Amino acid sequence: MPLSQQIQNHAGDMEVHIATRQESTFPHLSRLCTDFNFQVMQSPAEGCDSFRLTIQEQNQERQITPAFSQLELLESHVCSHLVDILHNYVFDAPAAH
């Protein structure tokens, strides 16, 4: 599945930008990245990519979710934990998994 854009960072991870047309496929990820300061990161790990939701805080990346092997699994996890993720974001608490 083609993604709109991927930008590599210093650690070799790639930031995944969800295209507008994919919003219906990943609506929760799209909303968090568009309306808040979240990023979907893709990491190559032993020949298999992993995807996780992160946020940049004071020039450091904070991981919000565990890593998943597919964007669909990350979207499902975010959907199930959206209230906790946003609560922790708003009140600056560690993310619940």
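Note that the coordinates shown come from a computational prediction; the quantities given were computed from them, not determined experimentally.
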ILVMFWY network linking Val83 to Val78, side-chain heavy atoms under 4.5 angstrom: no
Keeping Glu75 on the side-chain end and His28 on the backbone end, is there a donor-acceptor pair under 3.5 Å? yes
Can you measure from OH (Tyr89) to CG (Leu53) and round to the nearest 0.5 angstrom? 11.0 Å
Please check if the side chain of His77 supplies one atom and the backbone of Leu73 the other of a donor-acceptor pair under 3.5 Å. no
Considering all heavy atoms, the nearest Asn37-Ile55 contact: O-CG1, 3.3 Å
Show the numbers, then the answer: is there a side-chain contact (heavy atoms from CB on, under 4.5 Å) between Glu72 and Phe26? CA-CA 7 Å; Glu72 292 83 1; Phe26 307 113; 4.1 Å; yes
All side chain to side chain contact (heavy atoms under 4.5 Å, CB included) counterparts of Thr54, not counting sequence neighbours: Gln39, Met41, Arg52, Glu61
Are the side chains of Leu82 and Leu32 in touch, meaning some heavy atoms are under 4.5 Å apart? yes
For the residue pair Phe36 and Phe38, does the interplanar ring angle fall in the parallel (under 30°), tilted (30 to 60°) or perpendicular (over 60°) class? perpendicular
Quick check for you: to the nearest 0.5 Å, what is the distance between Leu74 atom CG and Cys79 atom SG? 11.5 Å
For Asn59, enumerate each residue passing the side-chain hydrogen bond (donor to acceptor under 3.5 Å, both in side chains) test, keeping only those at least two apart in sequence or located in another chain. none
side-chain contact (heavy atoms from CB on, under 4.5 Å) assessment of Thr25 paired with Leu71: CA-CA 10 Å; Thr25 305; Leu71 276 172; over 6 Å; no
Checking side-chain contact (heavy atoms from CB on, under 4.5 Å) for the pair Ser43/Asp49: CA distance, chi angles, key distance, verdict? CA-CA 5 Å; Ser43 299; Asp49 288 340; over 6 Å; no
Report the distance from atom CZ of Phe68 to atom OG1 of Thr65, rounding to the nearest 0.5 Å. 6.0 Å
